[in-house]
Amino acid sequence: MPTRVSATNSLEIPFNRPTLVGKELGYIADAIIRGQASGDGAYTKKCQVLLEQAMGGARVFLTTSCTDALEMAALLLDFQPGDEVIVPSFTFVSTVNAFVLRGARPVFVDVRPDTLNLDEEKLESLITAHTRAIVPVHYAGVGCELDSIMEIAGRHGIAVVEDNAHGVFGRYRGKPLGSFGDLATLSFHETKNFTCGEGGALIVNNPERIERAEIIWDKGTNRSRFFRGEVDKYTWVDVGSSFLPSDILAAFLFAQLEARDEIQCKRKRVWDYYYRHLWNLAHKYGIVLPTVPPHCEQSYHMFYILLQDLSERQALIAHLKSRGILAIFHYMPLHLSLMGVKFGGKPGDCPVTESVSDRLLRLPFHNELTESDQARVIGAIVEFFDKMKHIGGRKNSELLESISR
Ligand SMILES: *Cc1c(COP(=O)(O)O)cnc(C)c1O
């Protein structure tokens with residue numbers, strides 16, 4: 001049985017590759033032999049306890065995805081039609097869809113040009129009598145300015161739901177990301193630091209919300225209280241759904257979470273290598289590297305660069321592809337999407353989002369990415385910019401296109 005997926009088996013360098021750390025398949029077999037493959041089994045509890053300890057005492061509920069955890073959050077906060085939720089435009093669609101499903105109106109806030117996180121200075125002017133929640137997304141696992149966000153939310157009596165899909169084990173001023181908001185969500189999708197293919201978690205930091213979270217999590221029943229012997233039968237007590245992942249998935253995930261130091265150490269090495277080797281080139285080629293403020297311990301979720309404009313970014317993607325390297329862009333502004341426009345979004349609403357969305361490029365990044373593959377990525381970037389210099393500089397889309405052929 002293979003304990004490790006081998007690194008590159010072809011000349012192609014993929015953007016992402018899910019990797020085994022060792023014990024996943026053994027734990028899956030154990031989950032089945034124990035006789036509970038459905039949800040809320042032994043491995044679900046192990047994952048939850050591990051995450052609760054890492055979060056400093058919150059209650060954690062494993063879910064089938066981060067999307068589901070966000071939907072649980074919207075149910076828990078009792079979102080009603082007409083309520084407003086403030087979300088960054090620069091995020092994944094689930095951050096906002098979960099609330100829109102409950103009839104909420106999304107209010108899009110722009111991001112800061114340095115960390116690409118929700119711009120806390122733009123927050124206050126967007127708050128109305130209908131605002132029920134703010135959903136900061138810790139982009140690339142670098143914490144949002146939580147001091148300001150929590151202060152503003154507290155002053156207005158608005159809930160904070162941290163979408164911490166990128167930032168598991170990251171910290172802001174020494175405190176774990178995901179431990180600040182009333183609620184927070186995690187993702188264990190295959191593109192995230194820790195994975196079971198599809199998975200997630202809801203973190204409940206506000207103790208008053210735990211009991212109802214447990215009910216919503218388990219199909220609107222008080223079955224968990226029944227299993228603890230607190231009631232003599234279980235019944236339908238509230239709305240809810242099936243948010244529990246199978247214990248087979250939890251078994252896979254537990255092996256990954258147990259190996260968190262090893263995984264994070266590998267990811268840090270990959271991130272540091274890119275940063276170190278692009279540092280000198282960044283100024284020369286006009287590339288912008290990620291900003292990680294000193295009070296933020298990042299989670300090493302991804303490595304991105306910002307190019308001059310859309311045509312340069314697209315030409316570089318094509319050039320890298322021609323060298324067998326898969327680098328990809330990221331979020332399209334949600335306020336300009338088909339749905340976003342229906343909610344009144346228009347060009348110019350979030351100018352930083354609109355600009356970085358065109359210019360951002362994510363480089364290949366996974367646990368087993370080798371230094372020699374990373375050197376190939378850097379070499380191909382150098383080749384791109386050197387060729388461009390030869391044919392007369394940037395900002396000419398036709399020339400840029402000809403490079404990548
Ligand atoms: C990946 C991601 C999600 C959704 O996670 P799933 O587990 O795939 O549902 C939500 N928000 C952000 C910011 C993400 O990156």
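In this chain, numbering begins with 1 at the start of the sequence shown. In listed order, ligands and their atoms are each counted from 1. This structure is a prediction, so every number in the text was calculated from the model and none was measured.
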Taking atom 11 (N) of ligand 1 as the reference point, the nearest protein heavy atom with its distance: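 It is Asp163 OD2, 2.7 Å.
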Distance under 4.0 Å to a non-hydrogen atom of [X]: what atoms of ligand 1 satisfy this?
{"X": "His166", "value": "13 (C), 14 (C), 15 (O)"}
{"X": "Gly199", "value": "7 (O)"}
{"X": "Phe92", "value": "2 (C), 3 (C), 4 (C), 10 (C), 11 (N), 12 (C), 14 (C)"}
{"X": "Ser65", "value": "7 (O), 9 (O)"}
{"X": "Cys66", "value": "4 (C), 5 (O), 6 (P), 7 (O), 9 (O), 10 (C)"}

When only distance counts, is [X] in polar contact with ligand 1, meaning an N/O pair under 3.5 Å?
{"X": "Ser94", "value": "no"}
{"X": "Val137", "value": "no"}
{"X": "Thr91", "value": "no"}
{"X": "Lys192", "value": "yes"}
{"X": "Thr67", "value": "yes"}

Please determine whether the number of non-hydrogen atoms from other residues, nucleotides or ligands lying under 6.0 Å from atom NZ of Lys23 exceeds 12.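 Not buried by this count: 12 neighbours or fewer within 6.0 Å.
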In this structure, are over 12 heavy atoms from other groups packed under 6.0 Å from Tyr234 atom OH?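 No.
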Centres of the Phe61 and Phe243 rings: under 6.0 Å?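 Centroid separation for Phe61 and Phe243: 6.0 Å or greater.
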Assess the side chains of Ser94 and Thr67: does a donor N or O sit below 3.5 Å from an acceptor N or O?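 Present: a donor and an acceptor within the cut-off.
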How about Asp163 and Tyr139: does a side-chain donor come under 3.5 Å of a side-chain acceptor?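 Result is no, nothing qualifies.
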Should the ring pair [X] and [Y] be called parallel, tilted or perpendicular, given that the plane angle runs from 0 to 90° and is split at 30 and 60?
{"X": "Phe303", "Y": "Tyr274", "answer": "tilted"}
{"X": "Phe194", "Y": "Phe169", "answer": "perpendicular"}
{"X": "His295", "Y": "Tyr172", "answer": "perpendicular"}

Should the pair Lys284 and Phe385 be classed as cation-pi, given the thresholds of under 6.0 Å to the six-membered ring centre and 45° from the axis?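 Lys284 over Phe385 ring: no.
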Is the Lys NZ or Arg CZ of Arg132 less than 6.0 Å from the centre of Phe79's six-membered ring, within 45° of the axis?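 Judged by the rule (NZ or CZ under 6.0 Å from the ring centre, within 45° of its axis), Arg132 counts as positioned above Phe79.
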For ligand 1, note which part of Thr95 has a heavy atom under 4.0 Å away: side chain, backbone, both or neither.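 Side chain only.
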Side chain, backbone, both or neither: which part of Ala165 has a heavy atom under 4.0 Å from ligand 1?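 Near ligand 1, Ala165 shows its side chain, while the N, CA, C and O stay back.
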Report yes or no: does a heavy atom of Tyr331 sit under 4.0 Å from some atom of ligand 1?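 Tyr331 counts as a contact of ligand 1 under the 4.0 Å cut-off.
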Would you say Ala69 contacts ligand 1, with heavy atoms under 4.0 Å as the rule?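 The answer is no, since Ala69 has no heavy atom less than 4.0 Å from ligand 1.
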